[in-house]
Amino acid sequence: MLQIFTLLGALGMFLYGMNLMSSGLLTLAQAISVIMGANIGTTVTAWLGFSSVLTFNKKLTALS
């Protein structure tokens, strides 16, 4: 029985926090820009790492 009250209390605090934090911090366009920037930045970083590995392997092949 105590677990049910704990669950309801945690759910209430979660919903209260969601309500509190949804005070228009970002507009939809700003939020989309942040998400797209994070995704593009991660992809570019991965491609740079991948291309540097390929370049490093070619240099080792040329040296051998």
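Note that the structure is predicted; figures quoted are calculated from it, not measured. Just so you know, these numbers use all the heavy atoms, side chains as well, and skip hydrogens, waters and symmetry mates.
For the side-chain contact (heavy atoms from CB on, under 4.5 Å) with Ile4, the qualifying choice from Thr6, Leu2, Leu8 is Leu8, the only one to do so.
Separation of atoms CG (Leu20) and CG (Leu15) is listed at 12.5 Å; rounding is to 0.5 Å. Annotation: the span from Ile40 atom CD1 to Thr45 atom OG1 amounts to 11.5 Å, rounded to 0.5 Å.
Within a 6.0 Å sphere centred on CD of Gln3, other residues, nucleotides and ligands contribute 12 heavy atoms or fewer.
Met18 and Leu11 fall within a single hydrophobic cluster, where Ile, Leu, Val, Met, Phe, Trp and Tyr are joined by side-chain heavy atoms under 4.5 Å apart, directly or via other members. Connection of Met36 to Leu28 is established within a shared hydrophobic cluster, with ILVMFWY side chains joined at heavy-atom distances below 4.5 Å, either directly or through further cluster members.
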*Would you please test Leu48 and Val44 for side chain to side chain contact (heavy atoms under 4.5 Å, CB included) and show each step?*
CA-CA 6 Å; Leu48 286 174; Val44 168; 4.1 Å; yes
